[in-house]
Amino acid sequence: MILLRIFLFALLPLQALAAIDVYQFDSPQQEDRFHRLTEELRCPKCQNQSIADSDADLARDMRDRVHGMIVEGKSDDEIVGYFVSRYGDFVSYRPPVNARTSVLWLIPLLMLLGGGVLIVRLLRKASAQADQQDSNDDGEHNRGESP
């Protein structure tokens, strides 16, 4: 029984090596493109993980496809366009600005604008209350001085 445990423990590093994908590229530029594109593409199966970070089978298939397309000589736009056509704009961490994604781009701007308007209104209200408090204090002070 102890020998079996030692044998299984000795196999653990081999399992870790099996999970590492190894891709061959013609140039370091292709490898850089591969890493950039796999970080840019979102895994459709995982929550907020790129296909470079995901261990899902789908992400592995997508990495294989990105590698194949880079080796075939496809451009970055063609590769991203291929995945967007299959999985939609969700697959890209940098979705394009169009009618369908306009809400994604406008909500942060609207929230920033709304926050700015709210801060200005609160500051004006606080200033008006301070002015009114000062005028009330002056009126009470003047009443106290006059006989």
Side-chain angles (χ1 to χ4, degrees), residues 4-143:
L4 179 63
R5 287 183 183 171
I6 292 172
F7 177 73
L8 291 176
F9 186 74
L11 291 178
L12 286 177
L14 295 176
Q15 183 182 8
L17 289 176
I20 297 173
D21 296 329
V22 179
Y23 296 101
Q24 297 294 322
F25 296 97
D26 296 335
S27 67
Q29 290 81 16
Q30 285 184 343
E31 187 172 354
D32 290 342
R33 284 181 58 209
F34 174 79
H35 291 299
R36 188 173 36 77
L37 285 169
T38 56
E39 289 289 333
E40 184 179 318
L41 294 170
R42 182 190 322 252
C43 176
K45 192 171 184 178
C46 305
Q47 289 288 327
N48 286 333
Q49 281 188 314
S50 68
I51 63 171
D53 299 332
S54 175
D55 292 331
D57 291 337
L58 179 60
R60 185 175 305 117
D61 292 342
M62 291 173 73
R63 286 191 299 267
D64 292 344
R65 186 68 185 139
V66 168
H67 174 258
M69 293 176 84
I70 287 174
V71 171
E72 290 172 6
K74 303 281 185 183
S75 70
D76 291 355
D77 290 339
E78 289 174 323
I79 294 170
V80 172
Y82 170 79
F83 287 106
V84 167
S85 69
R86 290 193 71 159
Y87 301 105
D89 289 328
F90 171 81
V91 78
S92 177
Y93 276 114
R94 292 184 298 153
V97 179
N98 58 34
R100 291 186 312 172
T101 61
S102 61
V103 174
L104 295 173
W105 294 98
L106 291 178
I107 284 179
L109 293 174
L110 292 175
M111 291 182 70
L112 184 64
L113 182 64
V117 168
L118 181 65
I119 288 172
V120 167
R121 292 181 84 184
L122 289 174
L123 289 175
R124 284 185 180 175
K125 185 176 179 181
S127 178
Q129 287 178 346
D131 289 344
Q132 187 167 355
Q133 183 71 24
D134 287 344
S135 66
N136 288 343
D137 289 344
D138 288 344
E140 289 177 9
H141 183 71
N142 289 340
R143 275 188 253 140

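The basis for the numbers below is simple: all heavy atoms, side chains too, and nothing from hydrogens, waters or symmetry mates.
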* **Q24 backbone acceptor or donor facing H67 side chain under 3.5 Å** =>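 A pair under 3.5 Å: yes.
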
Are [X] and [Y] packed together at the side-chain level, in the sense that at least one heavy-atom pair is separated by less than 4.5 angstrom?
X    : Y   : answer
L104 : D89 : no
M62  : P44 : yes
I79  : R33 : yes

* To do: Just jot down the side chain to side chain donor-acceptor pair (under 3.5 Å) partners of N48, sequence neighbours excluded, or say none.
  =>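 Only R42 meet the side chain to side chain donor-acceptor pair (under 3.5 Å) criterion with N48.
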
* Go through the structure and list residues passing side chain to side chain donor-acceptor pair (under 3.5 Å) with D134, not counting sequence neighbours. =>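 Scan of D134 (side chain to side chain donor-acceptor pair (under 3.5 Å), adjacent residues dropped) gives none.
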
* Asked: Who pairs with K45 by side-chain contact (heavy atoms from CB on, under 4.5 Å), at least two apart in sequence or on another chain?
  ->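 Partners of K45 by the side-chain contact (heavy atoms from CB on, under 4.5 Å) criterion, ordered by chain and then number, come out as C43, A56, L58.
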
* **Listed partners of D57 passing side-chain contact (heavy atoms from CB on, under 4.5 Å), at least two apart** =>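 D57 satisfies side-chain contact (heavy atoms from CB on, under 4.5 Å) with R60 only.
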
Which residues pass the ring-ring contact (aromatic ring centres under 6.0 Å, His included) test with [X], sequence neighbours left out?
X   : answer
Y82 : none
Y87 : none
F83 : none

Separation of [Y] [atom2] from [X] [atom1] (nearest 0.5 Å):
X    : Y    : atom1 : atom2 : result
L113 : L118 : CG    : CG    : 11.5 Å
C46  : D55  : SG    : CG    : 8.0 Å
Q49  : E39  : CD    : CD    : 10.5 Å
Y23  : H35  : OH    : NE2   : 10.0 Å

Distance-minimising heavy-atom pair for [X] and [Y]:
X   : Y   : answer
V84 : S92 : CG2-CB, 4.5 Å
L37 : V80 : CD2-CG2, 3.8 Å
R65 : E72 : NH1-OE2, 4.0 Å

Using a 3.5 Å cut-off and no angle test, enumerate the donor-acceptor pairs between side-chain atoms of residues 120-130 and protein atoms at least two apart in sequence or in another chain.
none

For [X], give me all partners under salt bridge (charged side-chain N to carboxylate O under 4.0 Å, His left out), at least two apart in sequence or on another chain.
X   : value
R94 : E40
R36 : D76
D26 : none

* **side-chain contact (heavy atoms from CB on, under 4.5 Å) assessment of R63 paired with F34** => CA-CA 8 Å; R63 286 191 299 267; F34 174 79; 4.2 Å; yes

* To do: Walk me through it: do Q132 and N136 pass the test side-chain contact (heavy atoms from CB on, under 4.5 Å)?
  => CA-CA 6 Å; Q132 187 167 355; N136 288 343; 4.0 Å; yes

* Kindly check if the number of other-residue, nucleotide or ligand heavy atoms within 6.0 Å of CD (Q47) is above 12? =>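 Count not over threshold, so no.
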
* ring pair (Phe, Tyr, Trp, His ring centres under 6.0 Å) pairs, two or more places apart, involving residues 89-114 ->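 Applying ring pair (Phe, Tyr, Trp, His ring centres under 6.0 Å) to every pair that reaches into residues 89-114, excluding sequence neighbours, yields nothing.
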
